[in-house]
Amino acid sequence: MSTDVAVVGREFFARDPVELAPLLLGSVLAHDTDDGRVAVRISEVEAYRGVGEDPGSHAFRGMTPRNAVMFGEAAHLYAYFTYGMHTCLNVVAGRRGESAGVLLRGATVVDGLELARRRRPGASDRDLARGPARLSIALGVPLSAGGSDLLAPPFSLAVPREPVGFESGPRTGVSGAGGGASFPWRFWIPGDPGVSPYRRHARSHE
DNA sequence: CGTGAGATCGCCT
DNA sequence: GGCGATCTCACGT
């Protein structure tokens, strides 16, 4: 159930996002604030490639003020605001200028359960971080934290020593080119309660 | 459990 | 001006 994780260097994240994404399943991301620490174990992610390569990516059309962080160093936080109310979190992937990232779509709380519950009143424990916007609220990460290094305080990110088994399918919420079966870059841990409820389509790996 | 609608505003064409 | 890398609540099964 709990995976053995370890802190790794930045070069681990400087690889193709489609390769990196499944390796992040089972990772533990922690965030410290004055109110305390919340840590989550990642159960679902999506890979986004860079400029010109991936029509579903915020970076597809080149650098803008919003996506500039994606063009920077790996393992930093790309946070974006959407639907007029939600913040979602990505781990920047690849080398400088590659503008790739991995969206954190779902997780389970493994530390700071009381604090996470306070941040999402009324939510069941299972739903605390199940979904990209919910995850950012449970961790207490504001949009303004965008650009932060996830390998330095107040964050910490540890990855599994041994990759976990996973399944993949089309990315959620990505319509038009970039969506559908041509980009099966959503990855999740089968049966994990932290996988978002919105879809299931599958091809399994091991 | 599934579907459907409304909320709400920054980003980029 | 149109549309999101979404969520919650209401209501039907």
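The sequence lines fix the lettering, A, B, ..., with proteins before strands; numbering per chain opens at 1. Every value quoted in this text rests on a predicted model; they were computed, and no experiment measured them.
- Residues G146(A) and A79(A) come closest through the heavy atom pair CA-CB, 4.0 Å.
- Side chains of L150(A) and H76(A) form no contact here, defined as non-hydrogen atoms less than 4.5 Å apart.
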Mind listing the side-chain donor-acceptor pairs of residues 46-71 of chain A below 3.5 Å, one per line with the distance, residues two or more places apart or on another chain?
| residue | atom | partner | partner atom | Å |
| --- | --- | --- | --- | --- |
| E46(A) | OE1 | Y48(A) | OH | 2.7 |
| E46(A) | OE2 | T172(A) | N | 2.7 |
| R49(A) | NE | D16(A) | OD1 | 3.4 |
| R49(A) | NE | D16(A) | OD2 | 3.0 |
| R49(A) | NH2 | D16(A) | OD1 | 3.1 |
| R49(A) | NH2 | D16(A) | OD2 | 3.2 |
| D54(A) | OD1 | G56(A) | N | 2.9 |
| D54(A) | OD1 | R171(A) | NH2 | 2.9 |
| D54(A) | OD2 | R49(A) | N | 2.9 |
| D54(A) | OD2 | R171(A) | NH1 | 2.8 |
| S57(A) | OG | R49(A) | O | 3.1 |
| S57(A) | OG | A59(A) | N | 3.0 |
| H58(A) | ND1 | Y78(A) | OH | 2.8 |
| T64(A) | OG1 | R66(A) | N | 3.4 |
| T64(A) | OG1 | N67(A) | N | 3.4 |
| T64(A) | OG1 | N67(A) | ND2 | 3.4 |
| N67(A) | OD1 | T64(A) | N | 2.8 |
| N67(A) | ND2 | H58(A) | O | 3.0 |
| N67(A) | ND2 | G62(A) | O | 2.9 |

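- With rounding to whole Å, M85(A) atom CE is found 13 Å from dC3(C) atom C1'.
- Taking CG of L77(A) as the reference point, atom CG of L151(A) lies at 11.5 Å (rounded to 0.5 Å).
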Could you spell out the base pairing of DNA chain B in dot-bracket, with Watson-Crick or G-U pairs whose two distances are under 3.5 Å, [ ] crossing and | to another strand? |||||||.||||.
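- Stacking between Y80(A) and dA5(C) is absent: the aromatic ring centre is not both under 5.5 angstrom from the base six-membered ring centre and within 30 degrees in plane angle.
- When the P atom of dC7(C) is taken as reference, atom CZ of F81(A) falls 13 Å away, rounded to whole Å.
- Protein atom NE2 of H86(A) is 19 Å distant from nucleotide atom P of dC3(C), rounded to whole Å.
- Separating the CZ atom of R171(A) from the P atom of dT6(C) is a distance of 11 Å, rounded to the nearest angstrom.
- Within 6.0 Å of CZ in R95(A) there are 12 or fewer heavy atoms belonging to other residues, nucleotides or ligands.
- When the P atom of dA5(C) is taken as reference, atom CZ of F60(A) falls 13 Å away, rounded to whole Å.
- For R120(A) and dC7(C), the shortest distance from a side-chain N or O to OP1 or OP2 is not below 4.0 Å.
- With a heavy-atom cut-off of 4.0 Å to chain A, the contacted part of DNA chain B has its first and last nucleotide at dA7(B) to dT13(B).
- Closest non-hydrogen pair, G165(A) versus P190(A), comes out as O-CD, 3.7 Å.
- Side-chain atoms of V45(A) and L25(A), non-hydrogen and from C-beta on, do get closer than 4.5 Å to each other.
- Atom CD in E44(A) sits about 13 Å away from atom C1' in dT6(C), given to the nearest Å.
- When rounded to the nearest whole Å, the span between CG of L143(A) and C1' of dA5(C) equals 14 Å.
- Nearest to the side chain of Y83(A), among dT8(C), dG4(C), dA5(C), sits dG4(C).
- The shortest heavy-atom contact between V38(A) and A116(A) is CG2-N, 4.0 Å.
- Contact record, L23(A) with P160(A): O-CD, 3.6 Å, taken as the closest heavy-atom pair.
- For dA5(C), the OP1/OP2 oxygens have a side-chain nitrogen or oxygen of H58(A) closer than 4.0 Å.
- Rounded to an integer number of Å, the gap from CG of L77(A) to P of dA5(C) is 17 Å.
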